[in-house]
Amino acid sequence: MEVTDADWERVRVTAVEAMERAYAPYSHFPVGVAGLADDGRLVSGCNVENASYAVGLCAECGLVSDLVRTGGGLLVAVWCVDARGETLMPCGRCRQLLWEHGGPQCRIQTPEGELTIADILPQAFGAQDLTKGAP
Ligand code: THU
């Protein structure tokens with residue numbers, strides 16, 4: 001599915017709006033992320049921290065939850081932003097989430113331009129490995 005400049009702009013604006021809702025009283029590092037699903041739906045998430053620091057949720061957790069809750073499907077374009085609205089790279093764990101719910105060809109905005117999830121998570125572990133490696 002082609003992702004137009006207008007689609008990207010909607011995704012970026014939605015990510016900034018999500019970032020403004022972040023609950024980040026411990027790190028003071030609000031994050032927002034938005035994605036375009038393969039049926040045209042826009043979904044989003046923000047980080048939600050916790051006094052038990054290690055159980056805080058990254059913004060991408062909220063994103064995939066929103067995707068699944070509103071009907072599932074695959075993400076085709078994702079944009080993650082920091083407090084200034086600048087493009088932010090998803091952490092390693094969240095790249096795995098995006099791999100599962102976007103697939104290798106999902107587009108992602110990075111500080112180095114538009115890439116695919118496969119570009120930012122090479123040789124990813126995925127569902128096919130469970131089948132291959134089964135006893
Ligand atoms: N964070 C995200 O929400 N997504 C990422 O991909 C990177 C990190 C959050 C987690 C924590 O609440 C804050 O940013 C600082 O690490």
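Just so you know, ligand 1 is whichever comes first in the structure, and atom 1 is the first atom listed for that ligand. Predicted model, so just to flag it, every value in this text is computed and none were measured.
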Would you mind reporting whether [Y] and [X] have side-chain heavy atoms less than 4.5 Å apart?
{"X": "V11", "Y": "L42", "value": "yes"}
{"X": "H101", "Y": "V68", "value": "yes"}
{"X": "I117", "Y": "V78", "value": "no"}
{"X": "Y26", "Y": "N50", "value": "no"}

Could you check [atom] against the protein and tell me its nearest heavy-atom contact, residue, atom and distance included?
{"atom": "atom 4 (N) of ligand 1", "result": "E60 OE1, 2.9 Å"}
{"atom": "atom 2 (C) of ligand 1", "result": "C58 SG, 3.4 Å"}
{"atom": "atom 12 (O) of ligand 1", "result": "E49 OE2, 2.5 Å"}
{"atom": "atom 9 (C) of ligand 1", "result": "N47 ND2, 3.6 Å"}
{"atom": "atom 3 (O) of ligand 1", "result": "A59 N, 2.8 Å"}

Original post:
Do we see a donor-acceptor contact under 3.5 Å between the side chains of E49 and S27?
Top reply: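 Yes, S27 and E49 have a side-chain donor paired with an acceptor closer than 3.5 Å.
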Original post:
Looking only at non-hydrogen atoms, which of C91, P30, A24 approaches atom 7 (C) of ligand 1 most closely?
Top reply: C91
Subject >> Protein heavy atom under 4.0 Å of atom 16 (O) of ligand 1 >> reply: no
**OP:** Check each atom of ligand 1 against the heavy atoms of P90 and keep those under 4.0 Å away; list them by number with element.
**Re:**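 Result: 6 (O).
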Subject >> Per-atom contacts of ligand 1 with S27, taking only distances under 4.0 Å to non-hydrogen atoms >> reply: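 Near S27, the atoms of ligand 1 are 13 (C), 15 (C).
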Original post:
In terms of the angle between their ring planes, are W79 and W8 parallel, tilted or perpendicular, with boundaries placed at 30° and 60°?
Top reply: perpendicular
Original post:
Which heavy-atom pair separates C46 from A18 by the least distance, and what is that distance?
Top reply: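 In this case the closest contact between C46 and A18 is CB-O, 3.2 Å.
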